[in-house]
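Beneath this line is the structure, given in structure tokens, with notes to follow.
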There are 2 protein chains.
Amino acid sequence: MPTEAIETILALAHAHATIARALEVQGLSFAELRLLFALRAAEPEGRRPTELARELQLTPSGVTRALLPLEKRGIVLREKDPGDARASHAKLTSAGSTVVGDAIGPAGERAAKLLRRLSIGQTKQLQRLLEEIGR
Amino acid sequence: MPTEAIETILALAHAHATIARALEVQGLSFAELRLLFALRAAEPEGRRPTELARELQLTPSGVTRALLPLEKRGIVLREKDPGDARASHAKLTSAGSTVVGDAIGPAGERAAKLLRRLSIGQTKQLQRLLEEIGR
DNA sequence: GACAATTACTTGAGTCGTCACATATCATCC
DNA sequence: GGATGATATGTGACGACTCAAGTAATTGTC
């Protein structure tokens, strides 16, 4: 029954709306946090915008626009790729590392609060199931 | 460890981005589909915008803006509440019912495809876990 | 039964992302 | 070594949403 699949997808959308609303920390939107976490995981080389687009499920265009304000705020910088003049690498600045580091605590607290009704096992289970969706 | 909660939340965001991208059917965005499914569930009385906002985790303002193009397309209509002049009720038009009815098949197929790696039991489990998040 | 507080919705301005298109560079193949 | 196509990114126009503020109607209170 495909209708059940729709129900599940709608539940996912609802949960997402809830978390996106709750997870704004220190002047960073949830979308910005996702981007910064990705960059943090990419230390120290940084990530190419195209890779970020794939990881975050954005268009390359969306990555350009997302990086721009973060660059202006001095949280992110971009370096040209020495071997490929088309490409660049986005990295956290040292100020950016601090910002992300400071955000993790509060973000973790809010995330834990959102998942408070789930046991540790259920949380892990949820994560496993979610990871099956995007390939 | 709150970091694990963040991981789960990030997995949820990733899954959501995947599904929102995949679930566009017949000229309707995923956000529009969510709204129309809510209205379909509210047949025949319709729903007040405020209720829709709560159900869909939008602001009332967002509901106003979401309804507008659907009204223009003749998919949704709004009636004044006879008992409360501030309020209105949004309903599917009969054309709208047809549109939603026609969308369910393809939407269900795509939803099922996204969940193809999960068994029926896992899908139900996922849904239960997700529903715990938004209260 | 006036007046303050609340509720229902709308609107202006701004953010975040898309799509379609443009630009620049790289890779290939003849 | 120039044409051809793919790849990496940026831009204009627009869509979908938010927040803050505004309007209008309703409720509660004394």
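Here is the naming used below: chain letters follow the sequence lines, and residue numbers restart at 1 for every chain. The figures that follow rest on heavy atoms only: side chains count, while hydrogens, waters and symmetry mates do not.
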(message) I'd like to know if B/R21 reaches the base of C/dT18 with its side chain, counting only an N/O donor and acceptor under 3.5 Å.
(response) no
(request) In plain terms, say whether B/R110 and B/E24 are close enough for a salt bridge, that is, a side-chain N and a carboxylate O under 4.0 Å apart. (result) no
(message) Whole angstroms only, please: what is the CZ-C1' distance between A/R48 and D/dT7?
(response) 9 Å
(request) Mind calculating the distance between CZ (B/R47) and P (C/dC9) to the nearest angstrom? (result) 13 Å
(message) Assuming nearest nucleotide by heavy-atom distance, tell me which of A/A85 and A/L58 is located more 5' along DNA chain C.
(response) A/L58
(message) Nearest to the B/T59 side chain among D/dC17, D/dA25, D/dC19, which nucleotide is it?
(response) D/dC19
(message) Can you see if the side chain of B/R78 gets near the phosphate of C/dT10 - specifically, an N or O under 4.0 Å from OP1 or OP2?
(response) yes
(request) Take the protein atom CG of B/L67 and the nucleotide atom P of C/dT10, then report the distance between them rounded to whole Å. (result) 8 Å
(request) Figure out the CZ/C1' separation between B/F30 and D/dG15, and round it to whole Å. (result) 17 Å
(request) Nearest 0.5 Å please: distance from the OG1 atom of B/T123 over to the CD atom of A/E4. (result) 8.5 Å
(request) Mark yes or no for a side-chain to base donor-acceptor pair under 3.5 Å between B/R86 and D/dT26, with no hydrogen or angle criteria applied. (result) no
(request) Return the value, rounded to whole Å, for the distance between atom CG of B/L68 and atom C1' of C/dT11. (result) 11 Å
(message) Heavy-atom nearest nucleotide on DNA chain D for A/S88 versus B/P60: which residue maps closer to 5'?
(response) A/S88
(message) Quick check: any donor-acceptor pair below 3.5 Å linking the side-chain of B/T50 to the base of C/dC9?
(response) no
(message) Is the phosphate of D/dG10 approached by A/R65 (side-chain N or O, under 4.0 Å from OP1 or OP2)?
(response) no
(request) To the nearest Å, give me how far apart CG (B/L35) and P (D/dC17) are. (result) 9 Å
(message) For A/S29 and A/G83, find the nucleotide of DNA chain C closest to each by heavy atoms; which residue's nucleotide sits nearer the 5' end?
(response) A/S29
(message) Looking only at the side chains, is there a donor atom on one of B/Q57 and A/T18 sitting less than 3.5 Å from an acceptor on the other?
(response) yes
(message) With side-chain contact (heavy atoms from CB on, under 4.5 Å) as the test, pick out the partner of A/L12 among B/L114, B/I19, B/L115, B/I133.
(response) B/I19
(message) Output the rounded distance in Å from NZ (A/K80) to C1' (C/dC26).
(response) 15 Å
(request) Give a yes or no on whether a salt bridge exists between B/E55 and B/R34, defined as a side-chain N under 4.0 angstrom from a carboxylate O. (result) no
(request) Calculate the interatomic distance between B/L52 atom CG and C/dC9 atom C1'; express it in whole Å. (result) 13 Å
(request) Answer with base, sugar-phosphate or nothing: what part of the nucleic acid does B/D81 contact at a heavy-atom distance below 4.0 Å? (result) nothing
(request) Check if the side chain of B/S61 and the base of D/dC19 share a donor-acceptor pair of N or O atoms closer than 3.5 Å. (result) yes
(request) Would you please confirm or rule out a distance under 4.0 Å between OP1 or OP2 of D/dG10 and any side-chain N or O of A/T64? (result) yes
